[in-house]
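Heads up, the thing below is written out as structure tokens.
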2 protein chains.
Amino acid sequence: MSISEAASKYQLFSEQADLAKTLGNSHRLFLLELITKGEKAVDQLAELSGLSIANTSQHLQHLKRSSFVYSRRDGKNVLYRIGSSPVLSLLAALSACAEHNRAEIRALISDTFDQKDKLEAISREELLARMHDASMVLLDVRTEEEFSQGHLPGAINIPLDELERRLTELPQDQDIVAYCRGTYCALSGKAVALLRTKGWNARHLTGGFID
Amino acid sequence: MSISEAASKYQLFSEQADLAKTLGNSHRLFLLELITKGEKAVDQLAELSGLSIANTSQHLQHLKRSSFVYSRRDGKNVLYRIGSSPVLSLLAALSACAEHNRAEIRALISDTFDQKDKLEAISREELLARMHDASMVLLDVRTEEEFSQGHLPGAINIPLDELERRLTELPQDQDIVAYCRGTYCALSGKAVALLRTKGWNARHLTGGFID
DNA sequence: ATTGCATTCAATAATTCTATTGAATGATGA
DNA sequence: TCATCATTCAATAGAATTATTGAATGCAAT
């Protein structure tokens with residue numbers, strides 16, 4: 001590739017990157033979806049999206065610069081409509097990629113859950129039965145923020161990524177029951193696996209906090 | 001739309017926005033194109049893209065987080081290959097959008113050149129439309145002092161009386177749009193005349209900075 | 001003309017992204 | 001086991017984005 005070829009190629013990628021950057025904000029994607037369903041005024045869009053008027057206006061102008069939308073004035077209002085360029089197919093492709101990734105993650109999770117069935121789970125019933133039983137420690141491996149917004153009574157909180165270096169906070173002579181957000185959260189499974197390698201008798205709670 | 005619907009919708013858009021953000025960088029797009037043509041090692045990609053190794057690695061991991069690429073180790077090297085199917089169609093759609101916009105701009109330029117006189121002016125509307133178009137250079141011919149107190153974004157400053165000996169600073173392959181103070185300032189007109197005798201495709205901005 | 005209203009602009013603080021540096025990791029091959 | 005090398009991590013400074021505020025614009029109805 002010659003220098004000038006490389007340069008023009010780079011310019012091409014810059015333009016594409018600018019377009020992608022415009023889509024790289026969830027508010028703008030939301031506005032774009034709203035506009036897809038029909039021409040709308042700025043204040044309408046602000047209302048529907050929950051953004052301030054000024055902020056909405058700025059996002060709309062960003063979208064306009066990328067030709068994702070066009071605008072026209074109608075009386076007092078400026079109306080935005082979807083752009084003519086292959087915007088819709090780009091949005092569809094983006095959505096398809098996201099969906100593909102979600103599917104990938106779901107598959108990954110169910111995998112880890114298959115393996116993890118070996119790591120004996122504890123049911124909610126058994127948990128309740130042993131709730132006041134001092135032989136068991138309830139461990140919440142979610143973030144401190146989630147924990148502070150609500151947790152099971154008596155639980156202690158050590159986020160998963162801090163677990164390894166805070167092992168000393170856990171009593172060696174009690175069973176550990178770990179839980180996290182819910183069925184599709186793999187945090188507690190990992191915690192249990194880690195604790196078992198370190199010699200604890202650990203299990204996880206089927207379901208999780210949400211359930 | 002219920003609250004939980006809105007919330008899940010928002011999460012969906014966040015995921016899509018993250019994907020788009022990953023594509024919103026020309027280096028990453030370039031790396032992605034290189035990988036599209038075949039599995040490659042990190043140092044190879046760094047070499048081809050002209051980025052440092054560490055920087056390349058980070059961009060690759062960013063791409064990997066979005067599932068645009070996968071990686072595997074082969075001996076001493078980590079090889080990156082393109083991710084699963086929807087990636088290519090997303091890239092194609094992005095490229096199509098960019099091409100569409102280029103065509104739109106080209107149409108705009110040829111229009112104005114067909115209709116208008118050689119020394120025809122460029123309107124503020126057209127200027128705005130082409131503001132981010134790399135095919136155009138905005139030239140401020142006022143004094144350095146005036147320039148430093150405020151100028152149009154992206155403009156370069158060469159005072160009129162220095163123009164002739166600083167011609168080399170102007171790119172030959174781009175349109176020049178000159179501006180000065182306002183409607184009653186003749187500086188930019190003179191600049192345009194000079195540039196045209198030297199072979200540039202130059203126009204002046206109707207009005208000027210004050211307007 | 002003047003007033004009212006929807007929209008845009010401008011300036012800012014806060015957040016996020018990028019490139020660079022040097023150190024840490026981890027698999028390989030002696 | 002040890003040394004080597006490709007890659008990754010971590011920390012940081014600089015650059016870019018975002019949301020907010022309040023002011024400016026520009027149309028339209030009076």
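Here is the naming used below: chain letters follow the sequence lines, and residue numbers restart at 1 for every chain.
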Q: Would you check if the side chain of A/Q58 reaches a backbone N or O of A/N55 as a donor-acceptor pair within less than 3.5 Å?
A: no
**Q.** Side chain B/N101, main chain A/S66, donor-acceptor under 3.5 Å
**A.** yes
Q.
With a 4.0 Å limit, can you tell me whether A/Y80 has a side-chain N or O closer than that to the phosphate oxygens OP1/OP2 of C/dA6?
A. no
Q | Side-chain (A/S89) to main-chain (A/P86) donor-acceptor, under 3.5 angstrom | A | yes
Between the protein and nucleotides 14-19 of chain C, which nitrogen or oxygen pairs are less than 3.5 angstrom apart?
{"residue": "C/dT18", "atom": "OP1", "partner": "B/N25", "partner atom": "ND2", "Å": "3.2"}
{"residue": "C/dT18", "atom": "OP1", "partner": "B/R28", "partner atom": "NH2", "Å": "3.4"}
{"residue": "C/dT18", "atom": "OP2", "partner": "B/R28", "partner atom": "NH1", "Å": "3.4"}
{"residue": "C/dA19", "atom": "OP1", "partner": "B/H27", "partner atom": "NE2", "Å": "3.2"}
{"residue": "C/dA19", "atom": "OP2", "partner": "B/N55", "partner atom": "OD1", "Å": "3.3"}
{"residue": "C/dA19", "atom": "OP2", "partner": "B/N55", "partner atom": "ND2", "Å": "3.4"}
{"residue": "C/dA19", "atom": "OP2", "partner": "B/H59", "partner atom": "NE2", "Å": "2.6"}
{"residue": "C/dA19", "atom": "O5'", "partner": "B/N55", "partner atom": "OD1", "Å": "3.4"}

Q: List the steps and the verdict of side chain to side chain contact (heavy atoms under 4.5 Å, CB included) for B/L29 and B/L94.
A: CA-CA 11 Å; B/L29 285 176; B/L94 185 61; 4.2 Å; yes
**Q.** Nearest-angstrom distance from the residue atom CD of B/Q61 to C1' of D/dA6
**A.** 13 Å
Q. Is the backbone of A/H27 close enough, under 3.5 Å, to the side chain of A/N25 for a donor and an acceptor to pair up by distance?
A. yes
Q: Give the intermediate values and the outcome of side-chain hydrogen bond (donor to acceptor under 3.5 Å, both in side chains) for residues A/E99 and A/S95.
A: CA-CA 6 Å; A/E99 179 50 41; A/S95 173; over 6 Å; no
Q.
Tell me the interatomic distance from B/R72, atom CZ, to D/dT7, atom P, rounded to whole angstroms.
A. 13 Å
Q: Would you check if the side chain of B/Q44 reaches a backbone N or O of B/A41 as a donor-acceptor pair within less than 3.5 Å?
A: yes
Q. CG of B/L63 versus P of D/dT7: gap in Å, rounded?
A. 16 Å
Q. Whole-Å distance between D/dT7 P and B/L79 CG?
A. 8 Å
Identify all pairs in which a protein N or O lies below 3.5 Å from an N or O of nucleotides 22-25 of chain C, and state each distance.
none

Q: Figure out the CD/C1' separation between A/E47 and C/dC5, and round it to whole Å.
A: 17 Å
Q: Return the value, rounded to whole Å, for the distance between atom CG of A/L23 and atom P of D/dT18.
A: 12 Å
Q. Rounded to the Å, how far apart are A/L45 CG and C/dT7 P?
A. 9 Å
Q.
Could you check whether any side-chain N or O of B/K76 sits under 3.5 Å from a backbone N or O of B/D74, counting only pairs where one atom can act as donor and the other as acceptor?
A. no
Q) Under the 3.5 angstrom rule, does the side chain of B/K64 hit a backbone N or O of B/S71 as a donor-acceptor pair? A) no
Q: Would you confirm whether A/S57, through its side chain, and A/I53, through its main-chain N or O, come within 3.5 Å as a donor-acceptor pair?
A: no
Nucleotide N/O to protein N/O under 3.5 Å, stretch nucleotides 26-30 of chain D:
none

(Q) With a 3.5 Å distance limit and no angle check, can you tell me whether B/R28 reaches the backbone of B/T22 through a side-chain donor-acceptor pair? (A) yes
